[in-house]
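One structure is given below, encoded as structure tokens.
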2 protein chains.
Amino acid sequence: MTTPPHHAVAFDRILELVIVVSDDMTRTLSAQGLTDARAHLLWELHHRGPSTQRVLADALRVSPRNITGLVDALVATGLVTREPHPTDRRATLVTFTERGAAMTAAMERDQQEFARILFAGMPDDRVTALVDGLDDVLARLKEHGLTVDAARAAANPGNEAGR
Amino acid sequence: MTTPPHHAVAFDRILELVIVVSDDMTRTLSAQGLTDARAHLLWELHHRGPSTQRVLADALRVSPRNITGLVDALVATGLVTREPHPTDRRATLVTFTERGAAMTAAMERDQQEFARILFAGMPDDRVTALVDGLDDVLARLKEHGLTVDAARAAANPGNEAGR
DNA sequence: CAACATAGTGAAGGGGCATCACGACATGAC
DNA sequence: GTCATGTCGTGATGCCCCTTCACTATGTTG
């Protein structure tokens with residue numbers, strides 16, 4: 001319609017990349033015996049150091065109850081432990097075991113390797129242009145906040161999905 | 001390490017975009033009373049026309065059993081129906097109801113709107129550069145096939161996650 | 001027609017996620 | 001110091017996605 005063809009193309013490419021990358025990450029994680037959610041928790045823990053479950057719940061934007069389950073699983077596989085909080089006896093500090101720390105370090109290395117392979121041989125100015133374009137798109141997304149919601153509201157005012 | 005800084009930046013931007021876009025799509029869908037999986041099925045149906053569940057299972061790359069459940073849900077919400085296959089009495093043809101067709105059409109419109117907002121005011125050459133960059137990255141991903149797996153294998157030969 | 005392949009589904013189970021209710025603890029007010 | 005109130009984590013339930021295995025009803029082929 002009013003959307004220029006190359007915009008649609010760009011959108012398609014982004015969606016395709018979204019699919020491909022997230023699929024690949026999921027496969028790689030499961031090859032290491034991890035799931036997306038558990039890896040996400042590990043990642044957050046890696047960047048924050050020992051944390052309470054409440055903090056992790058806020059960081060992962062999931063319910064505290066869910067964190068309990070994820071931590072249970074990671075404890076069961078020996079990647080983290082629950083340590084008592086030094087001052088607050090209600091809270092527990094989720095902490096890496098040696099294996100957990102090693103696995104997280106490996107994840108970080110893998111990511112580096114992934115980035116290296118991904119852009120290997122790609123001209124610098126092309127990478128720069130890519131980053132600029134992505135930044136533009138991201139800025140636009142943040143700015144609009146609601147993004148698609150806004151689009152939907154603009155496209156068909158006053159509709160409601162049956163529930 | 002050997003990874004140039006701007007490569008890491010580019011990778012980060014891509015990951016961020018992946019997160020933001022998929023989150024947004026999920027939110028938008030659930031606002032319409034849909035889940036990712038069910039919307040995906042609807043989308044596939046939209047592009048293929050009435051299909052057997054087997055075909056949908058292959059298209060979505062999930063087990064046939066799972067399709068049964070998804071179709072059940074879509075039938076329950078009145079978006080599709082199960083019609084008998086004209087020649088094969090084992091199979092059923094999943095078909096849109098009017099509401100289902102309308103909702104799918106709305107999804108397509110929303111996507112157009114989304115693309116429009118996303119790239120509105122962005123210079124053409126910038127969009128072109130973005131598409132070129134994304135194409136490069138996608139090509140590299142397809143070429144490598146295993147992507148991260150390859151990276152992992154190269155980075156730490158002979159490791160196995162405890163299971 | 002017998003032998004074999006295929007479409008769909010019941011049963012059972014692994015995860016992710018949410019809400020509600022509740023007990024253990026922290027804290028500020030009195 | 002005691003008491004109201006808020007917070008941390010978790011048991012109980014329930015929804016959704018997804019899988020494998022077993023089984024029925026049909027197609028297909030020799």
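For clarity, every value in this text was computed on a predicted model and none was experimentally measured. Quick note on labels: first sequence line is chain A, next is B, and so on, each numbered from 1. Heavy-atom basis, side chains included; hydrogens, waters and symmetry copies ignored.
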Measure from [atom1] on [X] to [atom2] on [N] and round the result to the nearest Å.
| X | N | atom1 | atom2 | answer |
| --- | --- | --- | --- | --- |
| A:Leu60 | C:dC17 | CG | C1' | 12 Å |
| B:Leu29 | D:dC17 | CG | P | 11 Å |
| A:Leu41 | C:dG16 | CG | P | 10 Å |
| A:Arg54 | D:dG6 | CZ | C1' | 11 Å |
| B:His85 | D:dA25 | NE2 | C1' | 16 Å |
| B:Leu56 | D:dC17 | CG | P | 15 Å |
| B:Arg27 | C:dA18 | CZ | C1' | 17 Å |
| B:Arg38 | D:dC18 | CZ | P | 10 Å |

Check: Parallel, tilted or perpendicular: which fits the ring planes of A:His47 and A:Trp43, with parallel below 30° and perpendicular above 60°?
Finding: perpendicular
Notebook entry, point to check: Do the rings of A:His7 and B:Phe119 sit parallel, tilted or perpendicular, given the 30° and 60° boundaries?
Noted result: tilted
Determine the contact category for [X]: base if any of its heavy atoms lies under 4.0 Å from a base atom, sugar-phosphate if only primed atoms, P, OP1 or OP2 are that close, otherwise nothing.
| X | value |
| --- | --- |
| A:Leu70 | sugar-phosphate |
| B:Ser63 | base |
| B:Ser30 | nothing |
| B:Asn66 | base |
| B:Thr68 | base |

Margin query: If you compare every side-chain N and O of A:Arg82 against the phosphate oxygens of D:dT10 (OP1, OP2), does one of them come in below 4.0 Å?
Written below: yes
Notebook entry, point to check: Does OP1 or OP2 of D:dC8 have a side-chain N or O of A:Thr52 closer than 4.0 Å?
Noted result: no
Check: Can you tell which of C:dC17, D:dC18, D:dT10 lies closest to the side chain of A:Gln53?
Finding: D:dT10
Notebook entry, point to check: Nearest of C:dC17, D:dC16, C:dG8 to any side-chain atom of B:Thr35?
Noted result: D:dC16
Notebook entry, point to check: Has the side chain of A:Arg65 got a donor or acceptor atom sitting under 3.5 Å from an opposite partner on the base of D:dG11?
Noted result: yes
Note to self: Heavy-atom nearest nucleotide on DNA chain D for A:Pro64 versus A:Arg90: which residue maps closer to 5'?
What the structure shows: A:Arg90
Item checked: Presence of salt bridge, A:Arg48 and A:Glu44, under 4.0 angstrom -> yes
Check: Got a salt bridge between B:Arg13 and B:Glu16, using NZ or NE/NH1/NH2 to carboxylate O under 4.0 Å?
Finding: no
Margin query: Is there a path of hydrophobic side-chain contacts, each under 4.5 Å between heavy atoms, that joins A:Leu45 and A:Val55?
Written below: no
Notebook entry, point to check: Starting at the 5' end of DNA chain C, which residue's closest nucleotide do you reach first, A:Ala37 or A:Arg89?
Noted result: A:Ala37
Next item on the list: Could you pick out which residue, A:Asp88 or A:Arg61, lies toward the 5' side of DNA chain C when each is mapped onto its nearest nucleotide?
Entry: A:Arg61
Check: Quick one: does A:Thr97's side chain have a donor or acceptor within less than 3.5 Å of a partner on A:Leu79's backbone?
Finding: yes
